[in-house]
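See below for the structure under consideration.
Start at 1 with the first residue, then count along the sequence. Whatever order the structure lists ligands and atoms in, that order sets their numbers, starting from 1.
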Amino acid sequence: MTRLVMKFGGTSMADLERIRRAARLVAAEADAGHQVAVVVSAMAGKTNELVAWTDGAGAPTGQVNAGDDEYDVVVASGEQVTAGLLAMTLRNMGYKARSMTGWQVPIITSEAHGKARIVDIPSDNLDKAFDDGYIVVVPGFQGVTPQGKITTLGRGGSDTSAVAVAIAAKAVRCDIYTDVDGVYTTDPRVESKAKRLKKIAFEEMLEMASLGAKVLQTRSVELAMGHRMPIRVLSSFVEPGENVDNGTIVCDEDEIVEKHIVSGVAFSRDEAKITLLGLPNKIGVSAAVFAKLAAANINVDMIVQSEKRSGDYANQLFTVSRRDAKAAADIMLGAKDEIGFDDIKVDDNVAKVSIVGVGMRSHTGVAQTMFTALSEKGINIQVISTSEIKISVLIDEAYTELAVRALHAAYGLDQIGA
Ligand code: ASP
Ligand code: MG
């Protein structure tokens, strides 16, 4: 018998009717001969409500309780409700089902409450439940420390729970049921010609997820990639047997026959650009700038340094997320004399647009196509950064949608068959 993990997100667990639909999808896989473990999220909105309660009960207004061990006791409860309800529903349909909480499995995590990492999932209990003929329903998002304290994995963490359970159970695949029917070449709200991808490579999905495509939690993709656990993202808003071709498979690059040079166009408006003008061009200056940002926990994304035409000064610019822009600028201003720059500029009317594709590794001219497409639309590129499978540009925010559509067309993504 092959094992399958199925994960249902909050919108797929939002009420009893949806839980029944999920149960029908689970039952169909069990009928098809799979041993099934299901991982569930809390009902949509539930975790936010629980988090708000912990704020009210514990910390002074505005202070987040993540990091507190009792925070985890409270917010982990949302998933326990849906796990129990789904197991009950399956039983009422005549299936042998049981829930297994994070501490019963057990899903052993680090002690970082509110953002714990999974360290081990011994499979003995899961194996036993499968051998006894159960469909096992595991609440996502929760785990337990080696000392027996409840933990949670950070928001969106049940995707990671699902992949981890799939790895522990040696499942053939982890099916993630959600409110969209797959991964698209870009956001269909921006480009109506966006196409669903049949397959996408782990690395591409990882880039897309960290660039803000919110289908999967980034950490779950990292984990799946490390263990080569294929993920299928698909819609839960269907009945069993309906629309069987729905979904996107996230898998190893080698398994993708029909490769695209560029698989997706991602964008983020959560960007701010900070420019330091007239920075002394000497050893240790960058280290000083970025040490200060790191000490304040500010994440820096793009970095560019250029030399002045004359004199021993450079200009340096970097991007941070918008909510960090003011703090970053204040830190820099506070260290102006120490670092020795002349002036600072902050611009948060910028957006980052990126193209992602493993095909870039083996094709030339990919960057040139991007820059040409943007210039033809009169879009000025402010910053460029690249990785092996990604090119990102920073542009004026007003042109975001135009840029996304131009790039989507330039790489033929409008044309691909889903
Ligand atoms: N319920 C948790 C959250 O809303 C975990 C998850 O759904 O992935 O963040
Ligand atoms: Mg989610």
Would Gly157 count as a contact residue for ligand 1, given that I'm defining contact as a non-hydrogen atom of the residue lying under 4.0 Å from a ligand atom?
yes
Using distance only, find each side-chain donor-acceptor pair of residues 373-380 under 3.5 Å and give its atom names and separation, not counting sequence neighbours.
unit_1	atom_1	unit_2	atom_2	d
Ser375	OG	Phe371	O	3.4
Ser375	OG	Thr372	O	3.0

With Ser354 as partner, the option from Leu211, Val393, Ile391 fulfilling side chain to side chain contact (heavy atoms under 4.5 Å, CB included) is Leu211
For Tyr177 and Phe237, I'd like to know if the aromatic rings sit close, meaning centre-to-centre distance below 6.0 Å.
no
Residue Ser41 vicinity, atoms of ligand 1 by number, heavy atom under 4.0 Å
6 (C), 7 (O), 8 (O)
Taking both backbone and side-chain atoms of Asp159, is any N or O found less than 3.5 Å from an N or O belonging to ligand 1?
no
Donor-acceptor contact present, side-chain His363 to main-chain Gly359, <3.5 Å
yes
Number the atoms of ligand 1 from 1 as they appear, then name those within less than 4.0 Å of a heavy atom of Ser158, with their elements.
5 (C), 6 (C), 7 (O), 8 (O)
Would you tell me whether Glu79 and Gln142 have side-chain atoms, one donor and one acceptor, within less than 3.5 Å of each other?
no
Assess Gly156 for proximity to ligand 1: is some non-hydrogen atom of it under 4.0 Å away?
yes
Do any nitrogen or oxygen atoms of Lys7 come within less than 3.5 Å of a nitrogen or oxygen of ligand 1?
no
Short version for Glu79: what comes under 4.0 Å of ligand 1, heavy atoms counted, is side chain
Residue Arg155 vicinity, atoms of ligand 1 by number, heavy atom under 4.0 Å
3 (C), 4 (O), 9 (O)
Consider every N or O of Phe141 and every N or O of ligand 1, then say whether any pair is closer than 3.5 Å.
no
Could you tell me which residues satisfy side chain to side chain donor-acceptor pair (under 3.5 Å) with Glu401, sequence neighbours excluded, listed by chain and number?
Arg269
Could you tell me whether Glu222 and Arg219 make a salt bridge, using a distance below 4.0 angstrom between a side-chain N and a carboxylate O?
no
